[in-house]
2 protein chains.
Amino acid sequence: MSCENFFREQLKLRGLRLTVQRKLVLEALHDQANPVSAEDVFTLIQSIEPSLDRSTVYRTLDLLKEIGLVQEIHSNDRQNYFELCGTRLPHVHMVCQKCGGIFTVDQNVFDSVQIILQKSLGFEAQWTQMTIPGICQGCHTP
Amino acid sequence: MSCENFFREQLKLRGLRLTVQRKLVLEALHDQANPVSAEDVFTLIQSIEPSLDRSTVYRTLDLLKEIGLVQEIHSNDRQNYFELCGTRLPHVHMVCQKCGGIFTVDQNVFDSVQIILQKSLGFEAQWTQMTIPGICQGCHTP
DNA sequence: GTGAGTGCAAAGCATTTGCACCTTT
DNA sequence: AAAGGTGCAAATGCTTTGCACTCAC
C-alpha cells in the first residue's frame with residue numbers, strides 16, 4: 001500500500017508517529033468506493049478494534065487532511081464526508097435528495113463554469129470538495 | 001413590501017397564519033444585503049422584540065425556505081446562512097474557504113453543466129441548494 | 001525514557017423537539 | 001371556539017477538548 005508509506009514518511013517529517021489506530025483509519029478509507037462520514041469510519045473500524053474512540057477518528061481524519069491524503073467533502077446534510085484522494089482522477093459527487101444515492105462525474109465537466117467563475121469573479125472553485133444535491137434518474141420518475 | 005404580501009398569500013394557501021414573529025423574521029432578512037445566520041436574525045430581532053425565541057427563528061426560516069422566499073447557504077463554518085431570494089433571480093452561492101466570504105452568481109451560469117448531467121446521468125441538479133467552496137480573489141493573491 | 005497519541009468523559013454549538021399556553025382566524 | 005404558533009427547556013447530533021494513562025520511537 002503506497003498510501004501507508006507516504007503517510008509514514010509524512011508523519012516522520014513532522015515528528016509524529018504511526019499508530020495502530022492511524023493505520024486502521026487509513027485502511028478503512030482505502031477500502032471505500034464512496035465518501036464516508038466520520039461516523040462511518042468509526043463503525044467500520046469498530047468490528048476490528050472495538051476500543052477505538054470516535055475522537056481518535058476525528059483527530060486522524062484531521063491529520064490526514066492536513067497531510068493531503070484525505071479530502072473533506074461538504075455535504076448539505078449535517079455531517080461531512082471524507083475520501084482518500086490520489087486513487088482516482090479528481091471527480092465531483094452528486095447526492096440524490098430522495099434516495100441518498102451518490103453519483104460521480106469527472107471534474108472536467110465543470111471546466112467551462114470554472115473559467116466563467118474565474119474570469120468574472122476571480123473565484124477558484126474547488127469542485128471536488130462539495131456535493132451537488134439533486135434528484136437522480138430513478139427517483140425522478142417513480 | 002411585496003415579499004410580505006407574497007408570504008401572506010402563501011401562508012393562507014397552506015392554512016397558516018401571519019404572526020408578528022414571522023413578520024419580524026421576514027423584515028430582518030429583508031434589511032440585509034448579505035446572507036445572515038439564524039443567530040444573526042435572532043440578534044437583529046432581539047432589540048425590537050426581546051421575547052422572541054431562537055426556535056421560532058429556526059421554524060420561520062424553515063417555513064420561508066419551504067415557501068421559496070429564502071435560500072439556505074451551507075457554509076464551511078459550523079452554522080448555515082439564509083438569504084431572501086424572492087426579489088432576485090435564483091442564484092448560486094460560493095464560499096471562500098479562507099476568509100469565509102460569500103459570493104453569488106446567476107444560476108444560468110450552470111445551464112450547460114445542467115444539460116450534461118441531465119443527459120449523461122439523468123441527474124437533475126439543484127444548484128440553488130448548494131454552496132461551492134473555493135478561494136476568492138482576495139485570498140488567492142495575498 | 002520521553003513526548004506524542006489514545007480513550008474516556010464532558011463540554012460545545014447549532015439546531016430540533018415536546019409540551020402547555022397563547023393568539024390568529 | 002378551534003387550530004395553528006410560540007416560548008421555554010430539554011434533547012439531539014456532530015464535533016471538540018482536557019486530562020491522565022499508554023505506547024511508539
Side-chain angles (χ1 to χ4, degrees), chain A residues 4-5 7-26 28 35-46 48-67 70 72-82 100 131, chain B residues 4-5 7-28 35-46 48-67 70 72-82 95 100 131:
Chain A
E4 190 176 316
N5 287 334
F7 190 25
R8 177 178 276 121
E9 187 184 296
Q10 287 294 313
L11 288 172
K12 187 167 287 178
L13 227 72
R14 293 154 207 246
L16 305 178
R17 295 163 189 178
L18 184 57
T19 61
V20 186
Q21 293 86 340
R22 286 179 176 166
K23 267 193 240 182
L24 284 169
V25 170
L26 187 60
V36 286
S37 67
E39 188 65 22
D40 291 336
V41 174
F42 175 68
T43 310
L44 282 163
I45 301 175
Q46 272 302 79
I48 308 165
E49 184 56 62
S51 69
L52 181 130
D53 193 71
R54 271 185 188 75
S55 61
T56 302
V57 173
Y58 281 105
R59 286 188 274 232
T60 305
L61 287 171
D62 241 36
L63 178 61
L64 286 165
K65 223 172 59 183
E66 223 159 276
I67 287 179
V70 156
E72 186 171 5
I73 299 163
H74 302 282
S75 76
N76 49 342
D77 61 359
R78 170 86 27 153
Q79 59 193 341
N80 288 340
Y81 291 81
F82 300 87
T131 307
Chain B
E4 190 176 315
N5 288 333
F7 191 26
R8 177 178 275 118
E9 186 184 297
Q10 287 294 315
L11 288 171
K12 187 167 287 178
L13 226 71
R14 293 153 207 247
L16 305 177
R17 295 161 189 179
L18 184 57
T19 61
V20 186
Q21 294 86 338
R22 286 179 177 167
K23 266 193 241 184
L24 284 169
V25 171
L26 187 60
E27 238 168 77
V36 286
S37 67
E39 188 66 23
D40 291 337
V41 174
F42 175 68
T43 309
L44 282 163
I45 301 174
Q46 272 303 79
I48 308 165
E49 183 57 62
S51 69
L52 180 129
D53 193 71
R54 271 185 189 76
S55 62
T56 302
V57 173
Y58 280 104
R59 285 189 274 233
T60 305
L61 287 172
D62 239 36
L63 179 60
L64 286 165
K65 223 173 56 181
E66 223 159 277
I67 286 179
V70 157
E72 187 170 4
I73 302 163
H74 302 281
S75 77
N76 55 332
D77 59 359
R78 170 88 34 146
Q79 60 195 338
N80 289 340
Y81 291 81
F82 300 86
V95 174
T131 306

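Just so we're on the same page: letters track the sequence lines, and every chain starts at 1. Everything numeric in this text was worked out from a predicted model, so none of it was measured.
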Original post:
How close or far is atom P of D:dG5 from atom CD of B:E49, stated in whole angstroms?
Top reply: 18 Å
Original post:
Going from NZ on A:K12 to CZ on A:R17, what distance comes out if it is rounded to the nearest 0.5 angstrom?
Top reply: 12.5 Å
**OP:** Would you please confirm or rule out a distance under 4.0 Å between OP1 or OP2 of C:dT6 and any side-chain N or O of A:T56?
**Re:** no
Original post:
What distance separates A:N80 CG from A:K65 NZ, expressed to the nearest 0.5 Å?
Top reply: 8.0 Å
Original post:
Rounded to the nearest Å, what distance is computed from the CD atom of residue B:Q46 to the C1' atom of nucleotide D:dG7?
Top reply: 12 Å
Subject >> Reported CG-to-CG distance for the pair B:L63 and B:L11, which is rounded to 0.5 angstrom >> reply: 6.0 Å
**OP:** Starting from C1' on D:dG5, measure out to CD on B:E66 and report it in whole angstrom.
**Re:** 15 Å
Original post:
Could you state the interatomic distance from CG (B:L61) to CD (B:E72), rounded to the nearest 0.5 Å?
Top reply: 8.0 Å
Original post:
If you look at every heavy atom in B:G100 and B:V95, which pair is closest and at what distance?
Top reply: O-CG1, 4.1 Å
Original post:
In whole angstrom, what separates A:K65's NZ from D:dT16's C1'?
Top reply: 13 Å
Subject >> Pairwise distance CG(A:L26) to CD(A:Q21) - rounded to 0.5 angstrom >> reply: 13.5 Å
**OP:** Starting at atom CG of B:L11, determine the distance to atom P of D:dA3, rounded to an integer number of angstrom.
**Re:** 19 Å
Subject >> Derivation of the side chain to side chain contact (heavy atoms under 4.5 Å, CB included) call for A:L52 and A:F42 >> reply: CA-CA 8 Å; A:L52 181 130; A:F42 175 68; 4.2 Å; yes
Subject >> Nucleic acid contacts - residues 13-24 of chain B versus DNA chain D, non-hydrogen atoms under 4.0 Å >> reply: B:G15, B:L16, B:R17, B:T19, B:Q21, B:R22
Original post:
Between the side chains of B:D40 and B:S37, does any donor sit under 3.5 Å from an acceptor?
Top reply: yes
Original post:
Rounded to the nearest 0.5 Å, how far does CD of B:E27 lie from CD1 of B:I45?
Top reply: 8.5 Å
Original post:
Between atom CG in B:L52 and atom C1' in C:dT23, what is the gap in whole Å?
Top reply: 15 Å
**OP:** Please state how far atom CG in B:L63 lies from atom C1' in D:dG5, giving the value in whole angstrom units.
**Re:** 11 Å
**OP:** Assign a letter to each nucleotide of nucleotides 10-15 of chain C from its 5' end: B, base within under 4.0 Å of a protein heavy atom; S, sugar-phosphate only; -, no contact.
**Re:** --B-SB
**OP:** May I have the distance from A:R59 (atom CZ) to C:dC8 (atom P), rounded to whole angstrom?
**Re:** 12 Å
